[in-house]
*Asks:* 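One structure coming up, written as structure tokens, with questions to follow.
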Amino acid sequence: MEQIRIFCPATVANISCGFDVLGLCLDTIGDEMIIRKTSRKGIHISKISGQSLPTDPHKNVAGVAAMAMLKNLNTDNGFEIEIQKNIKAGSGIGSSAASAAGAVYGINKLMGSPFGTSEMVAFAMEGEQLASGALHADNVAPALFGGFTLVRSYDPLDIVKIHCPGELAVAVIHPQIEVKTSDARAVLKKNIPLKSAIRQWGNLGGLISGLYTEDYELISRSLHDEIVEPHRSVLIPAFKELKEAAALNGALGSGISGSGPSVFALCKGEKTARKVADAMKKVYSKTGVAHELHISKINPEGIKILDR
Ligand code: ADP
């Protein structure tokens with residue numbers, strides 16, 4: 001195999017009570033990447049369409065992740081990468097993660113799959129570090145594993161794929177404003193009160209249990225964020241109104257997607273997700289906030305091969 005074309009999905013990280021540890025994979029929005037084996041050594045990004053991003057592999061998360069993997073491969077080949085960006089950078093739905101995960105997935109396939117999925121996550125995290133300054137896996141893990149993922153531990157890296165009820169769907173609204181990940185990190189408090197921590201890990205346990213038992217009431221009761229949302233939500237236009245609209249129209253819960261500005265609502269069934277998306281859209285149409293909407297079921301497999 002000399003070339004592979006793949007779909008690299010968007011992802012929602014944090015999911016209210018799982019800051020930096022939970023993530024889920026979307027199905028209806030993603031980038032496309034072509035990875036080619038070349039006789040020229042090293043990593044080269046030959047083309048990026050859809051958005052203006054650096055082709056210097058040291059400045060693009062795809063290049064950094066690919067170089068991290070290449071260092072651990074015994075090969076005389078190099079790789080060329082083409083990226084069709086459909087996920088806007090800085091949207092909060094894992095734009096950088098899709099590229100980082102796609103690069104390592106493609107190279108791994110072209111090399112006959114020498115690395116397991118968790119090892120690919122570790123390489124992709126090096127790309128993520130370029131985008132946000134931190135080694136985090138809450139977007140690259142669901143992109144590579146698919147479904148719902150939990151980063152149980154970062155050191156050593158331990159990722160768990162969580163059972164996900166088949167009816168679960170997501171509505172995402174993306175206000176067309178920029179929230180810098182650094183600003184979204186700067187508003188966070190360094191210490192958290194014990195009482196908040198207790199409520200948060202109660203909810204995280206409740207959410208995981210609800211996913212396994214397909215108990216939608218329990219999932220709904222658990223979708224709260226005591227720790228991050230109160231501080232970050234000030235950066236998102238009409239956040240309270242979006243949440244109210246989602247709840248009134250049957251969402252199980254809603255919150256900030258990743259570091260924002262996108263807002264997600266988890267729903268039972270695509271029909272409800274569509275209704276919730278419409279209601280959130282009305283909030284922004286009334287207040288004149290330009291936005292994009294995405295409605296998706298959970299993508300159980302993650303990155304998909306389009307052709308090879
Ligand atoms: P998101 O949560 O939407 O991925 P991030 O803040 O994590 O947003 O990542 C976006 C940042 O990463 C931007 O500064 C962007 O320039 C940088 N970046 C570098 N390479 C890529 C890439 N291939 N795709 C998307 N963003 C990239």
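Numbering of ligands and ligand atoms starts at 1, following listing order. None of the values given here were measured: they were computed from a predicted structure.
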*Asks:* Got the residues with a heavy atom under 4.0 Å of ligand 1, by chain and number?
*Replies:*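 Contacts of ligand 1 under 4.0 Å: Leu53, Lys59, Asn60, Val61, Lys85, Lys88, Ala89, Gly90, Ser91, Gly92, Ile93, Gly94, Ser95, Ser96, Ser99, Ala131, Thr181.
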*Asks:* Residues in ring pair (Phe, Tyr, Trp, His ring centres under 6.0 Å) with Phe123, at least two apart?
*Replies:*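 Ring pair (Phe, Tyr, Trp, His ring centres under 6.0 Å) check on Phe123 returns Phe115.
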*Asks:* Any salt bridge between Glu229 and Lys243, counting N to O under 4.0 Å?
*Replies:*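 Lys243 and Glu229: salt-bridged.
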*Asks:* So does Glu82 pair up with Arg36, basic N to acidic O under 4.0 Å?
*Replies:*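 Salt bridge: yes.
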*Asks:* Is the closest basic N to carboxylate O distance between Asp27 and Lys304 below 4.0 Å?
*Replies:*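 Judged by the 4.0 Å cut-off on N to carboxylate O distance, Asp27 and Lys304 do form a salt bridge.
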*Asks:* Suppose we screen for side chain to side chain donor-acceptor pair (under 3.5 Å). Which residues come up paired with Ser132, at least two apart in sequence or across chains?
*Replies:*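 Result, side chain to side chain donor-acceptor pair (under 3.5 Å) vs Ser132: His136.
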*Asks:* Other hydrophobic cluster members with Val283, side-chain heavy atoms of Ile/Leu/Val/Met/Phe/Trp/Tyr under 4.5 Å, chained?
*Replies:*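 Its cluster mates, by chain and number, are Ile173, Ile236, Phe239, Leu242, Ile256, Val263, Val276, Met280, Tyr284, Val289, Leu293.
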